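Computed over heavy atoms, backbone and side chain alike; hydrogens, waters and symmetry mates excluded. These figures come from a predicted structure and were not determined experimentally.
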Amino acid sequence: MEYKEFAKYYDKFYNKKNYKKEVDFLKNFIDKNDRIIDIGCGTGIHASLLNNYDIDGLDLNEEMLEIAKTRINGSLYHQNMLNIKIDKKYNVIISMFAVINHLRNIDELELCLKNLKQILEPNGKIILDLHNPQSSGEKVDCYDNIKRTMIWNYDKDLKIEKSKIIFEVDNKVYNDEHIFRIFSIDEVKNICTKLGLNVKKVYENYDILKEGKNSSKNLQFVIERLNLTKS
C-alpha cells in the first residue's frame, strides 16, 4: 500500500461507514470528564465525533496522523501499540475498526493489552472493536468515482483472514492487503484475566442490546481495570 498517496483517499473509500452509530455506542461508557485515547485513530473521524471530550490519538501511520491533526484537538502520538510510551493515564481507551486484528498472535495481543493497562486509570475502561469473520468471500461496490473490490479468505483452523482490497480512483489503482489474526471471545477473556483486567461484556455490531457471540460478524469488548494490584 502506498500510504502517502492512500491516506488522502482513505475517507472517501470508507465514506459509507457508520461512524455516528459507533460513537453513539461508545458514549454509553464515557463520562463527560473522562480522558480518552483512540488507539489506531487513523484520520481521526471517531475522535472528531468525540471532540467535546478530552481525547488524544495514537497511530503508526504518519500520513494518517497529518489528516487527524485537522480533526483532533488533543495530543497525537506516532507510536506502535506494541511499544506505547505515553506519560499520561486515561479513563477510557478505545480501539476501533479492527485495529487489534492487525496483531499477529496471542503474544502480541497480550503485550498490547499490557501496554494499554499501563496508561489506564484504575476503574478505567478499554473498548475494543474486533473483526470476527465467519467465511471467505468477495464483494464489489462503487460510489462516486471509486470502485472497490474486496476478496477475503478465512482459515478457521489458523484463525487467519487474508484480504485484498483493490481501489480504483482517478485512473489510479491502489492495492491494500491485510492479514488479520481473529481472536476468539475466550482468547481475549483469558488474556485479560491473566493481566488483571475484566471483560465486563461483549457486544455485537455496536448494539447495546445485542450480546456478542462466537458467530457475530464483529465484536465490541468492554474491559475494565479494577485495581492496581496486578502488573
Side-chain angles (χ1 to χ4, degrees), residues 1 3 6 10-26 38-43 45-46 59-61 64 81-82 93-113 116 126-143 146-168 174-192 199 201-223:
M1 170 63 69
Y3 278 109
F6 178 72
Y10 182 88
D11 295 333
K12 288 184 178 181
F13 293 151
Y14 294 103
N15 72 344
K16 291 186 178 181
K17 183 173 174 61
N18 195 343
Y19 288 96
K20 184 180 183 302
K21 175 183 178 181
E22 297 174 9
V23 169
D24 285 345
F25 171 84
L26 293 174
D38 185 355
I39 302 297
C41 64
T43 61
I45 295 182
H46 287 105
D59 203 278
L60 188 58
N61 186 290
M64 296 287 192
M81 58 186 167
L82 293 175
I93 299 172
I94 64 173
S95 186
M96 313 301 291
F97 210 0
V99 166
I100 295 298
N101 291 108
H102 286 88
L103 301 172
R104 295 300 178 89
N105 51 53
I106 290 293
D107 289 341
E108 286 194 354
L109 178 60
E110 181 175 339
L111 177 57
C112 176
L113 286 172
L116 297 185
I126 302 171
I127 304 172
L128 306 179
D129 168 37
L130 271 67
H131 183 48
N132 192 47
Q134 303 304 308
S135 61
S136 303
E138 182 174 343
K139 179 181 179 182
V140 178
D141 54 12
C142 301
Y143 42 91
I146 298 171
K147 179 181 178 181
R148 178 175 64 177
T149 303
M150 297 183 290
I151 304 167
W152 62 96
N153 293 287
Y154 178 47
D155 187 320
K156 291 184 179 181
D157 295 326
L158 296 177
K159 299 182 181 178
I160 295 290
E161 181 189 75
K162 295 182 180 180
S163 62
K164 182 174 183 180
I165 309 174
I166 304 167
F167 298 100
E168 299 174 47
Y174 298 88
N175 293 290
D176 192 12
E177 295 185 0
H178 295 295
I179 299 176
F180 278 172
R181 172 58 158 88
I182 308 305
F183 298 103
S184 70
I185 293 174
D186 283 343
E187 285 177 326
V188 176
K189 285 183 174 180
N190 290 339
I191 290 176
C192 285
V199 176
K201 196 159 184 180
V202 184
Y203 297 90
E204 175 184 330
N205 194 32
Y206 303 96
D207 190 332
I208 201 72
L209 300 178
K210 285 188 178 180
E211 183 174 356
K213 305 179 293 294
N214 289 326
S215 59
S216 301
K217 185 177 178 181
N218 58 64
L219 299 166
Q220 290 76 50
F221 290 78
V222 178
I223 301 166

With sequence neighbours left out, write down each residue that passes side chain to side chain donor-acceptor pair (under 3.5 Å) with K201, or none if nothing qualifies. none
For K20, I'd like to know if atom NZ has over 12 heavy atoms of other residues, nucleotides or ligands within 6.0 Å. no
To the nearest 0.5 Å, how far apart are CG in N190 and OG in S184? 7.5 Å
I182 and F180: side-chain contact (heavy atoms from CB on, under 4.5 Å), yes or no, with the steps? CA-CA 6 Å; I182 308 305; F180 278 172; 4.0 Å; yes
Can you tell if the side chain of I191 reaches within under 4.5 Å of the side chain of F183, non-hydrogen atoms only? no
Mind running side-chain contact (heavy atoms from CB on, under 4.5 Å) on L60 and M81 for me, showing each step along the way? CA-CA 8 Å; L60 188 58; M81 58 186 167; over 6 Å; no
Under the criterion side-chain hydrogen bond (donor to acceptor under 3.5 Å, both in side chains), which of K213, K210, K217 is the partner of E204? K213
Student check: side-chain heavy atoms of Y174 and I166 closer than 4.5 Å: no
Check whether E108 reaches the backbone of R104 with its side chain - one donor and one acceptor, N or O, closer than 3.5 Å. yes
Could you please spell out the steps behind the salt bridge (Lys or Arg N to Asp or Glu O under 4.0 Å) verdict for E22 and K17? CA-CA 9 Å; E22 297 174 9; K17 183 173 174 61; 2.8 Å; yes
So H46 and Y19, do their side chains get closer than 4.5 Å, heavy atoms only? yes
Side chains of residues 127-136: which donor-acceptor pairs under 3.5 Å do they make with residues two or more places apart or in other chains?
from	atom 1	to	atom 2	distance (Å)
D129	OD1	Y206	OH	3.1
D129	OD1	Q220	NE2	3.1
D129	OD2	F97	N	2.8
D129	OD2	A98	N	3.4
D129	OD2	Y206	OH	2.6
H131	NE2	E161	OE1	3.1
H131	NE2	E161	OE2	3.1
N132	ND2	N214	O	3.0
N132	ND2	S216	O	2.6
Q134	NE2	N132	O	2.9
Q134	NE2	N214	O	3.4
Q134	NE2	S216	O	3.4
S136	OG	Y154	N	2.9

Of all pairs that satisfy salt bridge (Lys or Arg N to Asp or Glu O under 4.0 Å), the ones with a partner from residues 181-191, not counting sequence neighbours: K159-E187, R181-E187
Supply the atom-to-atom distance N153 CG to S163 OG, rounded to the nearest 0.5 angstrom. 9.0 Å
To the nearest 0.5 angstrom, please state how far the CD1 atom of I94 sits from the SG atom of C41. 9.0 Å
Please tell me if the side chains of V188 and L109 come closer than 4.5 Å, counting only heavy atoms from C-beta onward. yes
Here the gap from L82 atom CG to L103 atom CG, rounded to the nearest 0.5 Å, amounts to 5.5 Å
Apply side-chain contact (heavy atoms from CB on, under 4.5 Å) to E138 and list each qualifying residue two or more places apart in sequence or on a separate chain. T149, I151
Sorted by chain and residue number, the side-chain contact (heavy atoms from CB on, under 4.5 Å) partners of I146 (sequence neighbours excluded) come out as K12, F13, Y143, V169
Would you confirm whether N205, through its side chain, and D207, through its main-chain N or O, come within 3.5 Å as a donor-acceptor pair? no
Shortest non-hydrogen contact from N61 to M64? OD1-N, 2.7 Å
Derivation and outcome, side-chain contact (heavy atoms from CB on, under 4.5 Å), residues N175 and I165: CA-CA 6 Å; N175 293 290; I165 309 174; over 6 Å; no
Rounded distance (nearest 0.5 Å) linking atom CD1 of I100 with atom CG of L113: 6.5 Å
In this structure, CG of N105 is separated from CG of L111 (nearest 0.5 Å) by 10.0 Å
Please name all residues satisfying salt bridge (charged side-chain N to carboxylate O under 4.0 Å, His left out) with K21, sequence neighbours left out, ordered by chain then number. none
Checking side-chain contact (heavy atoms from CB on, under 4.5 Å) for the pair F221/I185: CA distance, chi angles, key distance, verdict? CA-CA 9 Å; F221 290 78; I185 293 174; 4.0 Å; yes
